[in-house]
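Only one structure is covered here, and it is reproduced in the block below.
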Amino acid sequence: MVYVIHQHDVIIIGGGLTGLQAAISLADSGINSAIISKVHPLRSHSVAAQGGMNASLGNVQGEDGTEDSWESHAFDTVKGSDYLADQDAVELMCREAPRTVIKLEHMGTVWSRLENGKIAQRPFGGAGFPRTCYAADRTGHNILNTLYEQAVDCEIPFYEEFFVTSLITKDQCCTGCTALEIKTGQIHGFNAKAVLMATGGFGRIFNKSTNALINTGDGQTLSLLAGVPLNDMEFVQFHPTTLYGTNILISEGARGEGGILLNNRNERFMEFYAPNSVDLAPRDVVARSIEQEIIEGRGFDGGYVHLDLRHLGADRIMERLPGIRQIAMDFAGVDPINEPIPVQPGQHYSMGGIDVDINGATKIKGLYAAGECACISVHGANRLGGNSLLETVVFGRLVAEKIIDDVQDMNPPHEPVSTHEPVTPYEPLKMAMHVVENKIEDILQCKGKENIFNIKDMMTRTMSDKFGIFREQEKMQKGLHDIKNIQEKISNVSIQNKDRKFNQALIQFLEIEGMLLLAETIARGAIARQESRGSHKRIDYPERNDLKFLKHTQVELRDHKIHVSYKNVNMGMFEPKERVY
């Protein structure tokens with residue numbers, strides 16, 4: 001076996017907004033870092049974010065003429081989270097928001113503008129002020145290209161189309177990872193003083209999702225297998241407006257611009273569910289309301305409602321929502337200037353993730369996480385629109401600053417090595433590469449009768465049917481039983497393509513193996529949480545129970561079994577109250 005070894009001070013796994021921002025911050029401090037990504041960074045799922053980034057710039061006043069503040073932003077975030085967010089982390093994010101938006105502008109992000117030249121802001125669900133800064137309806141695309149350009153200018157090394165297969169840990173320290181080069185099928189080893197997980201969400205566990213096919217929760221799986229707990233995995237957000245049939249995201253910005261939801265009676269039904277905020281209630285409220293309309297027969301045949309933008313007029317739609325119009329025309333044959341858009345809820349975001357402290361550090365020295373793969377926790381039980389892009393860039397920078405401080409005191413795992421010739425690797429890395437090599441050969445040589453794509457279909461349907469918007473004990477127990485059965489089936493999968501090069505079936509096997517483990521963590525957390533909070537709606541426990549469950553769910557893998565426990569929420573300025581919208 002010829003070993004290909006790479007040496008860097010910091011390895012960043014994931015090339016989206018979090019990873020790029022972290023790499024730029026590290027480069028600015030002279031730290032030798034590199035990004036490993038299973039796709040080209042500009043194909044990271046961050047590019048699909050449409051709506052915007054929240055910041056209390058105060059460029060647009062509230063309805064009563066008052067000006068926004070970071071305190072108001074923090075209150076809306078905590079209230080929207082159903083009080084499960086850690087308020088110290090929320091305060092930090094909201095304080096950092098204005099400078100983050102301005103910094104991105106200085107780096108080259110082209111924000112939409114008000115007539116007075118200031119950065120434009122529009123209202124989003126659950127917000128008391130119009131505070132969402134945006135670049136038409138392609139905000140993530142704009143920011144991602146900006147940060148990628150900056151990263152290229154910093155000459156940051158990219159290992160593109162590499163699939164990370166394991167973390168290297170010894171004595172509760174992380175010193176690197178192994179990865180499969182998709183192009184060649186060769187195993188590579190990466191030695192580092194620190195590793196940052198920035199791998200995004202796990203939406204493809206569900207069969208109706210706005211997420212890209214690459215969102216398979218790889219970072220959460222790797223961390224769980226390395227001994228790091230995952231928190232709040234049962235809190236899965238379902239976006240209320242995804243395009244019927246394809247589940248492509250239809251931005252909350254469409255409702256922020258004045259779009260309204262209509263049922264098959266042409267009723268603006270959100271007036272009944274959230275009389276104060278109507279169509280701009282938080283996402284969990286709107287998604288449940290749409291689902292309820294469909295269940296009770298007031299949706300259209302097939303299970304959808306209408307999002308009507310026609311009253312906004314052609315000029316405003318083409319200026320503020322050009323991407324949404326193009327998506328509706330291309331994938332639904334509907335021009336929103338003349339016809340309403342058919343929409344239905346779909347899985348969109350993961351509030352839960354890798355257990356980290358406010359600095360992004362895990363319980364394993366040298367292992368960090370930030371962005372959607374982490375649970376820091378600024379979203380609690382439900383994320384407000386406009387806070388995810390903010391989280392990626394704020395904590396991408398702040399966690400990088402923590403890593404910069406920490407690596408000064410860390411010794412390299414071994415003496416620097418030349419990457420030009422085969423070398424004798426550091427012993428834990430050598431052992432890990434052997435294990436991965438043998439595992440891949442076993443997968444390729446298996447002559448079982450199961451098909452990996454059938455297994456994926458069974459998993460995604462089980463998760464959507466049993467752990468969707470509305471949940472109930474008996475159905476979830478059946479879902480957990482099904483997940484355990486599917487986990488057994490995967491060991492009997494036969495992959496027809498035996499070539500190591502560009503073997504996408506092999507990559508899908510490795511992804512689905514991890515997704516099934518994450519599916520079990522979602523299931524066990526959801527079953528154990530006997531209350532309704534945020535996105536977690538139990539029809540058999542319809543009320544929020546602060547006495548028993550104002551706590552983070554924590555799952556760990558011990559002796560090959562998932563164990564559920566709880567830890568306290570970090571409270572602060574805002575005491576729990578009933579949410580009214």
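Hydrogens, waters and symmetry mates are skipped; everything else that's a heavy atom, side chains included, is used. Since this is a predicted model, take the numbers as computed values, not measurements.
Trp70 CH2 to Ser56 OG: the interatomic distance, rounded to the nearest 0.5 Å, is 9.5 Å. Rounded to the nearest 0.5 Å, atoms CE (Met573) and CD (Gln87) are 7.0 Å apart.
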Working for ring pair (Phe, Tyr, Trp, His ring centres under 6.0 Å), residues Phe235 and His379
CA-CA 10 Å; Phe235 291 109; His379 307 305; over 10 Å; no
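A donor-acceptor pair under 3.5 Å is formed between the side chain of Thr392 and the backbone N or O of Leu389. With Asn570 contributing its side chain and Asp86 its backbone, the two residues share no donor-acceptor pair below 3.5 Å. The backbone N or O of Ile36 sits nowhere less than 3.5 Å from a side-chain atom of Glu160 that would complete a donor-acceptor pair. Side-chain atoms of Ser350 do not come within 3.5 Å of backbone N or O of Gly352 as any donor-acceptor pair. A donor-acceptor distance shorter than 3.5 angstrom exists from the side chain of Asp279 to the backbone of Leu261, with no hydrogens or angles considered. Looking at Ser81, its side chain does come within 3.5 Å of a backbone N or O of Tyr83 through a donor-acceptor pair. Judged by distance alone, with hydrogens and angles left aside, the side-chain atoms of Gln121 form a donor-acceptor pair with the main-chain N or O of Arg131 at under 3.5 Å.
Remark: of the listed residues His306, Arg310, His311, Arg310 is the sole one forming a side chain to side chain donor-acceptor pair (under 3.5 Å) with Asp308.
Taking the ring centre of Phe238 as origin, the terminal cationic atom of Arg283 falls outside the region bounded by 6.0 Å and 45° from the ring axis.
By the neighbour-count criterion of 12 heavy atoms within 6.0 Å, atom CZ of Arg316 is densely surrounded, having more than that number from other residues, nucleotides or ligands. Counting non-hydrogen atoms of neighbouring residues, nucleotides and ligands closer than 6.0 angstrom, the NZ atom of Lys208 reaches no more than 12 such neighbours.
Under the 4.5 Å side-chain criterion, counting only non-hydrogen atoms from C-beta, Cys177 is in contact with Ile11.
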